[in-house]
Amino acid sequence: MRKIKLEIGCFFLAIVVMWLAVWGPEALAKYQDRNILNCISEETVEGENEGYRYTMSSNDKLYILSKCLNSQTLPGSEQSILAREEEGTDYQDLTGSYAFVVNHRDPSAQEITDDELYEACNRELGILKELGILPETVRDTTAVSYDAVRYSAIYVPEPRNNVSVWKLSMSTSVKNANKQNRLLDAYIDADTGKIYEFYVRTPLTWEEIDPDAMILAWSDYLGLGEPAANESVNPLQETTQLFRKYSFEGMGGDSTVVTIGFYEGINELFLKISK
């Protein structure tokens, strides 16, 4: 009798196992569907052609921006340029390895808008003053006195490797503007507000400037690591004899050259990552 009961129990257990194997996955799927169907959910996704950036190190961003500034590639005819101005940057049309193009799309949620730009720039100018990179006499920027354009510096073989920057320039529409103690030009990271390159009029002379201390402070400001003195200098390529060049680690074993220089007579100090 006990043997018969055991056999019957095993028979029913086998039936249950077979039912679970056949109908179990379908029943589970229906249960999960009830939690999804007819329910509204939100998910943030990138636009197909938005070309937003991978997370890159400061050295990578500086390298790409430097390469793009030195290439200044804007492909296409005047007609296609006008079309891009209305539609935004078309990453599919770019040629060459590096391109520096005007970005007419609205800033993303991570980027500084044109309304926020001057506050961000003045904040970073204050930091550069505290670090001793700029003298305290440099004045704040205002929308009245400056023009701002947003660019994308793009590594064309992999467009998602791109850097969004604002170029801030003292407006040429203001005649006879006093440029003393003024920022003249700067490239500003559109995500962080960090200042990559600048030209500024100061009351200082070259003898009062310590470029080695300045580059160390700027390197720490951007988180670039230790700079190395650049010995391969061709003075004929420079527009002034007062300069020092440094190298930072770039991408693919290459490096980024940064120049600190000074135009005597007009007392213009610059730090540039372009030629």
*Carefully, step by step, assess Tyr246 and Ile260 under the rule side-chain contact (heavy atoms from CB on, under 4.5 Å).*
CA-CA 8 Å; Tyr246 305 88; Ile260 293 177; 4.3 Å; yes
Tell me, do [X] and [Y] make a side-chain contact under 4.5 Å, heavy atoms counted?
X      : Y      : result
Leu65  : Leu69  : yes
Leu183 : Asp140 : no
Phe243 : Pro211 : no
Met214 : Leu269 : yes
Val149 : Val102 : yes

If only atom types and distance count, is the side chain of [X] paired as donor or acceptor with the main-chain N or O of [Y] below 3.5 Å?
X      : Y      : value
Ser58  : Leu222 : yes
Thr240 : Phe262 : yes
Trp166 : Ile112 : yes

_side-chain contact (heavy atoms from CB on, under 4.5 Å) partners for Ala213, two or more places apart_ =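 For Ala213, the residues satisfying side-chain contact (heavy atoms from CB on, under 4.5 Å) (neighbours in sequence not counted) are Asp210.
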*For Asn70, what residues pass the side-chain contact (heavy atoms from CB on, under 4.5 Å) criterion, not counting sequence neighbours?*
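Applying side-chain contact (heavy atoms from CB on, under 4.5 Å) to Asn70 gives Ser66, Ser274, Lys275.
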Going by the rule side-chain hydrogen bond (donor to acceptor under 3.5 Å, both in side chains), which residues pair with [X] if we only count those two or more places apart in sequence or in a different chain?
X      : result
Asp114 : none
Asn122 : Thr141
Glu208 : Thr205
Glu264 : none

Smallest separation among heavy atoms of [X] and [Y], with atom names:
X      : Y      : result
Leu168 : Cys121 : CD2-SG, 3.7 Å
Asp185 : Ser169 : OD1-OG, 2.7 Å
Ser219 : Pro227 : OG-CD, 4.2 Å
Lys61  : Tyr196 : CE-OH, 3.5 Å
Gly193 : Ile188 : O-CG2, 3.3 Å
Asp191 : Asp189 : N-OD1, 2.7 Å

Counting only pairs under 3.5 Å, give me each side-chain donor-acceptor contact of residues 247-259, with atom names and distances, residues two or more places apart or in other chains.
residue	atom	partner	partner atom	Å
Ser247	OG	Asn230	ND2	2.7
Asp254	OD2	Tyr63	OH	2.8
Thr259	OG1	Lys245	NZ	2.7

_Can you classify the ring geometry of Tyr187 versus Tyr151 as parallel (below 30°), tilted (30 to 60°) or perpendicular (above 60°)?_
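It falls in the perpendicular class, over 60°.
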*Is atom CG of Asp212 surrounded by more than 12 heavy atoms (other residues, nucleotides or ligands) closer than 6.0 Å?*
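Enclosed: over 12 neighbouring heavy atoms sit under 6.0 Å from CG of Asp212.
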*Examine the side chains of Ser152 and Asn162 and answer whether a donor and an acceptor come within less than 3.5 Å of each other.*
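No.
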*asked:* Pairing donors with acceptors under 3.5 angstrom, does anything connect the side chains of Asn267 and Thr202?
replied: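 No pair is found: no donor N or O on one side chain lies under 3.5 Å from an acceptor on the other.
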*Which residue pairs pass the salt bridge (Lys or Arg N to Asp or Glu O under 4.0 Å) test when at least one of the two sits in residues 219-228, sequence neighbours left out?*
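Output for this query is empty, none listed.
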*Selection residues 122-137 - residue pairs positive for salt bridge (Lys or Arg N to Asp or Glu O under 4.0 Å), sequence neighbours left out*: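 Checked against salt bridge (Lys or Arg N to Asp or Glu O under 4.0 Å) - neighbours excluded - no pair reaches residues 122-137.
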*Passes ring pair (Phe, Tyr, Trp, His ring centres under 6.0 Å), Tyr155 versus Tyr98? Steps please.*
CA-CA 5 Å; Tyr155 177 54; Tyr98 296 93; 5.2 Å; yes
*Of all residues at least two apart in sequence or in a different chain, which pass the salt bridge (charged side-chain N to carboxylate O under 4.0 Å, His left out) check with Lys272?*
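Expected list: Glu238.
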*Show your reasoning for whether side-chain contact (heavy atoms from CB on, under 4.5 Å) applies to Ile195 and Leu125.*
CA-CA 8 Å; Ile195 297 176; Leu125 287 177; 3.9 Å; yes
*Test ring pair (Phe, Tyr, Trp, His ring centres under 6.0 Å) applied to Tyr118 - qualifying residues, sequence neighbours left out*: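 With neighbours one apart ignored, the set is empty.
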*Of all residues at least two apart in sequence or in a different chain, which pass the ring pair (Phe, Tyr, Trp, His ring centres under 6.0 Å) check with Tyr146?*
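With sequence neighbours excluded, Tyr146 shows a ring pair (Phe, Tyr, Trp, His ring centres under 6.0 Å) to no residue whatsoever.
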To the nearest 0.5 Å, what is the distance between [atom1] on [X] and [atom2] on [Y]?
X      : Y      : atom1 : atom2 : answer
Ile273 : Ile64  : CD1   : CD1   : 11.0 Å
Leu62  : Glu197 : CG    : CD    : 9.5 Å
Met170 : Arg182 : CE    : CZ    : 4.0 Å

